[in-house]
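All ligand and atom numbering here is 1-based and tracks the order in the structure.
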Amino acid sequence: MSARTVIVTDPPRADADVARRLGEHGTATVHEALGRAGFLGPAIRPAWPGARVGGTAVTALCWPGDNLMIHAAVEQCGDGDILVVATSSPSQDGLFGELFATALATRGVRGVVLACGVRDVAELRTMGFPAWSSAVSAQGSVKETAGHVNLPVVIGGQLITPGDVIVADDDGVVCVPRERSTEALTAAEARAAKEEATRAAFRGGELGLDRYGLRAKLRELGVAYVKHEDLP
Ligand SMILES: O=C([O-])CC(=O)C(=O)O
Ligand SMILES: [Mg+2]
């Protein structure tokens, strides 16, 4: 007897505009704004460089080498969403490619994040459809095994609940819990303003050692300045 599997329809989603604006701030800023949380880890990489998106998560749990539940998830995806695919055990097979991307783009979906492989990378780049994955692989899939759509999944140790905000760019992928998305946006805006002031100061020649009061820290740590000629 097979285990009971479910497709959850229409979960509550974070505000679409908040998700989009978090996306504009990018992963490093949003990760810091969350208190250095939510990063899916360096193993999830963009299929092509330069994309930056923010959207609301629709999740799918697939079996390795089987993309049946991605087909089921596409129907649950809409404008402003990002499809997030996990597998029930580690897999690098290319579960997703340009045909899926075409279907998702038609529905207004902003991108895909896969804890497995992606393929058709050249076509994805030409289409401008953003994709992040743990592998690039031509290995094809079957459509045989039931999984879940829109239940929480874990990728890189991060819990992703449907409706959370996903932010992704060249630095990787960050998940912002739906309940924290407004607070995260406020913190990201504050951080961006602070970094703008720091950028201006650095352009003016100020040093981080002075701006951040780090000379005292070096002293506290016992770090001494020694002239090269005085080195033993
Ligand atoms: O069809 C598949 O199995 C995945 C793929 O290559 C596509 O979406 O284009
Ligand atoms: Mg294909």
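Ring planes of Y212 and F202: perpendicular class, angle over 60° (limits at 30 and 60°).
Looking only at distances, a side-chain donor or acceptor of N67 sits under 3.5 Å from a matching main-chain atom of L95.
Metal site remark for the Mg ion (ligand 2): E98 contributes no N, O or S atom at a distance under 2.8 Å.
Comment: E24 does not engage R21 in a salt bridge, judged by the lack of any side-chain N to carboxylate O separation of less than 4.0 angstrom.
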*Going through the checks in order, is the side-chain contact (heavy atoms from CB on, under 4.5 Å) test met by D120 and F100?*
CA-CA 10 Å; D120 307 331; F100 275 131; over 6 Å; no
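Side chains of D169 and T27: a donor on one and an acceptor on the other come within 3.5 Å. In this structure, a donor-acceptor pair under 3.5 Å is present between the side chains of T56 and D81.
Residues K143 and H71 form a side-chain contact, since some pair of their non-hydrogen atoms from C-beta on lies under 4.5 Å apart.
Closest to the Mg ion (ligand 2) among the N, O or S atoms of D120 is OD2.
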Tabulating one pair per line, provide the atom names and distances (0.1 Å) for every N/O atom of ligand 1 that is less than 3.5 Å from a protein N/O atom.
from     : atom 1 : to   : atom 2 : distance (Å)
ligand 1 : 3 (O)  : N67  : ND2    : 3.0
ligand 1 : 6 (O)  : R119 : NE     : 2.7
ligand 1 : 6 (O)  : R119 : NH2    : 3.1
ligand 1 : 6 (O)  : D120 : OD2    : 3.2
ligand 1 : 8 (O)  : G97  : N      : 3.1
ligand 1 : 8 (O)  : G97  : O      : 3.3
ligand 1 : 8 (O)  : L99  : N      : 3.4
ligand 1 : 8 (O)  : F100 : N      : 3.0
ligand 1 : 9 (O)  : E98  : N      : 3.2
ligand 1 : 9 (O)  : L99  : N      : 2.8
ligand 1 : 9 (O)  : D120 : OD2    : 3.0

